[in-house]
Every structure is written in C-alpha cells, then in structure tokens.
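Okay, structure first, notes after.
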Amino acid sequence: MLKSLKNKCLDCKNCNLCETRHNVVFGVGNEKTDIMFIGEGPGEQEDLKGEPFVGRAGMLLDKLLNSIHLDRHENIYIANIVKCRPPQNRDPKPEEQDMCLTWLYEQIRIIEPKIIVCLGRIAAAKMIDPDIKIMRDHGKIYRKDGLIMMPILHPAAILRNQHLLPETFGDFLRLRDELEKISG
Ligand code: URA
C-alpha cells in the first residue's frame, strides 16, 4: 500500500535535503493507474504544499493532461525523482537522486504502471537512458523493463519557451494513442 510507504517516507533523513525541506513531496494521484508521470523534484510551491507540480508549471501540466482527458487525482499518479526540494531549485545531486530513488522504485512496484512519462531531462536520464537528449528525443517511445516510457519536455521549460507548446501537444496525443492501445 502506498499509504504505509508514504508514512515511512515522510520521516526520511537519508540525505541533506531533509534539513531544508518544509514538506516531503511524496506524490499524488490514483494508485490504481496504468500511467505515472515522473518529474525532477519539488520547487518552492511544492515544498510549501507537499504536493508535486502545484506552481505555474503544474498548472500547465494539468492543462496538457486535461487535453487528453487525464486528471491528476483521478486516473494518473505523479511523483518526482527526489522528494525534497533542492535549495534554490538547483538540480538534485546524483547522490541525492540515487538515495531517493529507492522510494520511487517502491512506488512503481506498488502502482505497477504500464506507461511512465518522464518530465524533463533529469527524470528522463535517470529513468530511461543517461544519453537521452531531451530536445531531440522527447515524444519517442522507449521500452524498458517491460514498460513503455516516454520522455517529454518539462512544463517549466515550455513556460520559458512557449513555441515548444505545439510539439508538446503532439507528444501528449502520441501518449493518448499508447494509452488507447494498452486499454484495448
Ligand atoms: N518541477 C518538478 O520537476 N517537480 C515538481 O513537483 C514541481 C516542479
């Protein structure tokens, strides 16, 4: 059950990020889902609220999800590579990522998704392939460990470069097609 895993995770002191966090951002959504979205790590708003993707990037993510009839509370699960905010929103260090991944792997083991969508470069490198170039490879379908995996652009990057929005919509349509295939 995710609930007991979450309770353990809320006490985690495996790395230094525990010293500066306000909240552990464990994840949100429906644990009975075929599709998980994985981001990089909490930002300021997420740290304050304890929920992933609640800032401006999260609002854009919600719109993209809604465009293919997905909803963060109803039919997907969202988590991050690291559960605590890196100070000043710096990239999580490799050792922080590696230590925190045990929580994410447990979440994946419990949820048993069929599709994992990686939001941005860091999640894609960690979950799919360290050599992924996110601008080149976003929207491609990868198969790994019996799962379908797709890297997409991070919504914060799209907010900074709005011309990337149409191709991201295209990636979400491809994702919808994959979902239709697996649900028969
Ligand atoms: N960016 C992420 O990668 N994750 C969040 O939860 C928020 C912003």
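In listed order, ligands and their atoms are each counted from 1. Predicted model, so just to flag it, every value in this text is computed and none were measured. Only this structure's heavy atoms are used, side chains among them; waters, hydrogens and symmetry mates stay out.
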Should one rank Lys83, His154, Glu40 by closest heavy-atom distance to atom 1 (N) of ligand 1, which comes out on top? His154
Which is closest to atom 5 (C) of ligand 1 by heavy-atom distance: Gly41, Gly43, Ala79? Gly41
Please determine whether a side-chain nitrogen of the Lys or Arg among [X] and [Y] lies less than 4.0 Å from a carboxylate oxygen of the Asp or Glu.
X      : Y      : value
Glu46  : Arg21  : no
Asp137 : Lys140 : yes
Glu51  : Arg72  : yes

Just to confirm my output: which protein heavy-atom neighbour is closest to atom 6 (O) of ligand 1, and how far is it?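 Looking at atom 6 (O) of ligand 1, the protein heavy atom closest to it is Asn80 ND2, 2.8 Å.
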Which of the numbered atoms in ligand 1 are below 4.0 angstrom from a heavy atom of Gly39?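 Near Gly39, meaning under 4.0 Å from one of its heavy atoms, ligand 1 has 3 (O).
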First locate atom OH of Tyr105, then atom SG of Cys100, and finally report the distance between them rounded to the nearest 0.5 Å.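 Here the rounded value is 11.5 Å.
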Is there any N or O on Pro52 that sits under 3.5 Å from an N or O of ligand 1?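 Looking only at distances, the answer is no, because the N/O contact criterion of under 3.5 Å is not met.
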Under 3.5 Å: N/O of Glu46 near N/O of ligand 1: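 The answer is no, given that Glu46 and ligand 1 share no N or O pair closer than 3.5 Å.
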Assign the ring pair Phe37 / Phe172 to parallel, tilted or perpendicular, where the plane angle (0 to 90°) is split at 30° and 60°.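 Plane angle under 30°, so parallel.
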